Amino acid sequence: MKALKYKTDVYDGALAWSHGFSHEIEEIFIPHYGIGFNLVNDRLNVFKLKEPRQSKKTKEIEIEPEFAAMLEKYLNLEKNIKEKAKIYFPSH
């Protein structure tokens, strides 16, 4: 399955953003699913995207279709878990 791998700048919070302290990470966007993901400091981040974020050095890669489907299931599971968790935190 086709995907785009690119580098993008991210910030560790509003203070870092306001002072221009960014760092570069690698990220992958899967157009078919509208999903982006990255692995930063051993943490997997998966999220919906309409298009790749502002990027540098974009290249097309192939990823396993099964893995892309797993990421979509992961997002759906996360959404369902979050909705269930709200039962125990009614103020959210």
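Model, not experiment: these values are computed from the prediction. Position 1 is the first residue of the sequence; numbering continues from there.
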Which atom names give the shortest non-hydrogen contact between Ala3 and Ile30, and what distance separates them? CB-CG1, 4.3 Å
Find out if a path of hydrophobic residues (ILVMFWY) with successive side-chain heavy-atom gaps under 4.5 Å connects Met70 to Tyr33. no
When you compare the side chain of Thr58 with that of Lys5, does any pair of heavy atoms fall below 4.5 Å? no
Using the side-chain contact (heavy atoms from CB on, under 4.5 Å) criterion, which residues pair with Lys79? Sequence neighbours excluded. none
For the pair Phe47 and Leu71, evaluate side chain to side chain contact (heavy atoms under 4.5 Å, CB included) and give the outcome as yes or no after the intermediate values. CA-CA 9 Å; Phe47 39 88; Leu71 291 171; over 6 Å; no
If you look at every heavy atom in Arg53 and Tyr6, which pair is closest and at what distance? N-OH, 3.5 Å
Sidechain-backbone polar pair: Thr8 side chain, Gln54 backbone, donor-acceptor under 3.5 Å: yes
Should Ile61 and Leu44 be counted in the same cluster of Ile, Leu, Val, Met, Phe, Trp and Tyr side chains packed under 4.5 Å apart? yes
For Leu77 and Lys82: C-alpha separation, side-chain torsions, deciding distance, then whether side chain to side chain contact (heavy atoms under 4.5 Å, CB included) applies. CA-CA 8 Å; Leu77 180 61; Lys82 194 177 289 184; over 6 Å; no
Are more than 12 heavy atoms, taken from residues, nucleotides or ligands other than Glu51, located less than 6.0 Å from that residue's CD atom? no
Can you run down the side chain to side chain donor-acceptor pair (under 3.5 Å) pairs that involve residues 65-76, sequence neighbours left out, and say none if there aren't any? none
Check for me, please, whether Met1 and Ile35 land in the same ILVMFWY cluster - side-chain distances under 4.5 Å, paths through other members count. yes
Would you kindly confirm whether Val46 and Ile28 end up in one hydrophobic cluster when ILVMFWY residues are joined by side chain heavy atoms under 4.5 Å apart? yes
Would Phe67 and Phe37 count as a close aromatic pair, with their ring centres under 6.0 Å? yes
To check you understand the geometry: which heavy-atom pair defines the closest contact between Ile63 and Ala68, and what is its length? CD1-CB, 4.0 Å
Thinking salt bridges, do Lys2 and Glu60 make one under a 4.0 Å N-O criterion? yes
How far does CD of Glu26 sit from NZ of Lys7, to the nearest 0.5 angstrom? 5.0 Å
Just to verify, which of Leu39, Asn45, Val40 counts as forming a side chain to side chain contact (heavy atoms under 4.5 Å, CB included) with Arg43? Asn45
